*Asks:* 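Below is a structure I'd like to ask you about.
Numbered from 1 within each chain, the chains take letters A, B, ... in sequence-line order. Keep in mind that this is a model prediction, so the values were computed, not measured.
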Amino acid sequence: MVARLRRILRSDFYNRPTLTVAKALLGKFLVRKIGHKKIEGMITEVEAYVGPNDRASHASRGRTPRAEIMFGPAGHWYVYLVYGMHYCLNIVTERKGYPAAVLIRAVAADGVIGPGKVCRYFKIDRQLNQKPATWASGLWIEDRGIKINPGGVVRGRRVGVDYAGKWRDKKWRFSIAA
DNA sequence: AGATTGATCCAT
DNA sequence: TGGATCAATCTG
């Protein structure tokens, strides 16, 4: 019997190039703790939003109150409302002062679900915005020893960013091949 | 294909 | 202060 690995990812994991972090997050486990209950699922799809010039990123308009967290240190949650009804969950990456984050687009838990449903399923709302991804905050990511080999990763264009000019075609969406 | 929904941002 | 925009989902 193999010992069950459960290692909570720390800030040094997130404080690396965003594309590296995005790919490395595939196969990791998102864990939500509410009281004595836990909600868990494996991350299956992510998107990278990188730097101040990425027009698809909220940070491209500078340090606005909403995007400010993306300029902060790695390993913090960025939760925001889209379309007036859904929350999206992102984890801030790279060094303080460089705005970047990875959007958690899909998680395998009772079937694969999209970004709005991820937040509904995991009971994530703005209370978690700007909180660290630690046990204390009630939402973190664990390494459970699952390795995704590079051949099992699908690369594609990001979703819903047709307005983003030359940044539209960046293949910064990564998912686990079905 | 359209409705829904509201925070955010920018132009006025 | 008002209007356009939006990293989504559901319904028909």
*Asks:* Any side-chain heavy atom of A:Val154 within less than 4.5 Å of one from A:Phe174?
*Replies:* no

*Asks:* Please determine, for the side chain of A:Arg126, which listed nucleotide (C:dA7, B:dA7, C:dC10) has the closest atom?
*Replies:* B:dA7

*Asks:* What's the shortest heavy-atom distance between A:Val92 and A:Met70, and which atoms?
*Replies:* CG1-O, 3.9 Å

*Asks:* Of the options C:dT9, B:dC9, C:dA7, whose atoms approach the side-chain atoms of A:Pro115 most closely?
*Replies:* C:dT9

*Asks:* Whole angstroms only, please: what is the CZ-P distance between A:Arg61 and B:dC9?
*Replies:* 7 Å

*Asks:* Heavy-atom count around A:Gln127 CD within 6.0 Å, excluding the residue itself: above 12?
*Replies:* no

*Asks:* I'd like to know whether CZ of A:Arg63 has more than 12 heavy-atom contacts from other residues, nucleotides or ligands below 6.0 angstrom.
*Replies:* yes

*Asks:* Taking only heavy atoms on the protein side, list every residue of residues 79-88 of chain A lying under 4.0 Å from any atom of DNA chain B, sorted numerically.
*Replies:* A:Leu81, A:Tyr83, A:Gly84, A:Met85

*Asks:* For A:Arg173, report the nucleic acid contact type (base, sugar-phosphate, nothing); a contact means any heavy atom under 4.0 Å.
*Replies:* nothing

*Asks:* Looking at CD of A:Glu45 and CZ of A:Arg173, how far apart are the two atoms once the value is rounded to the nearest 0.5 Å?
*Replies:* 5.0 Å

*Asks:* What's the CD-P distance between A:Glu45 and C:dA7, to the nearest Å?
*Replies:* 15 Å

*Asks:* Grab the CZ-P distance between A:Arg168 and C:dA7 for me, whole Å please.
*Replies:* 13 Å

*Asks:* With the threshold set at 4.0 Å, does a side-chain nitrogen-carboxylate oxygen contact exist between A:Arg144 and A:Glu40?
*Replies:* yes

*Asks:* Figure out the OH/P separation between A:Tyr163 and C:dA8, and round it to whole Å.
*Replies:* 9 Å

*Asks:* Rounded to whole angstroms, how far apart are CD1 on A:Ile113 and C1' on C:dC10?
*Replies:* 16 Å

*Asks:* What distance separates A:Asn129 CG from A:Tyr80 OH, expressed to the nearest 0.5 Å?
*Replies:* 11.0 Å

*Asks:* Can you check the A:Arg158 CZ to C:dC6 P distance for me, whole Å?
*Replies:* 14 Å

*Asks:* If only side-chain N and O atoms of A:Thr64 are considered, is one of them under 4.0 Å from the OP1 or OP2 phosphate oxygen of B:dC9?
*Replies:* yes

*Asks:* Would you mind pulling out the nucleotide paired to C:dT5, Watson-Crick or G-U wobble, both distances under 3.5 Å?
*Replies:* B:dA7

*Asks:* Output the rounded distance in Å from CZ (A:Phe174) to P (C:dA7).
*Replies:* 18 Å

*Asks:* Which whole-number value in Å describes the distance from A:Glu47 CD to C:dA8 P?
*Replies:* 7 Å

*Asks:* Indicate whether OP1 or OP2 belonging to C:dA8 is found under 4.0 Å from a side-chain N or O atom of A:Arg105.
*Replies:* yes

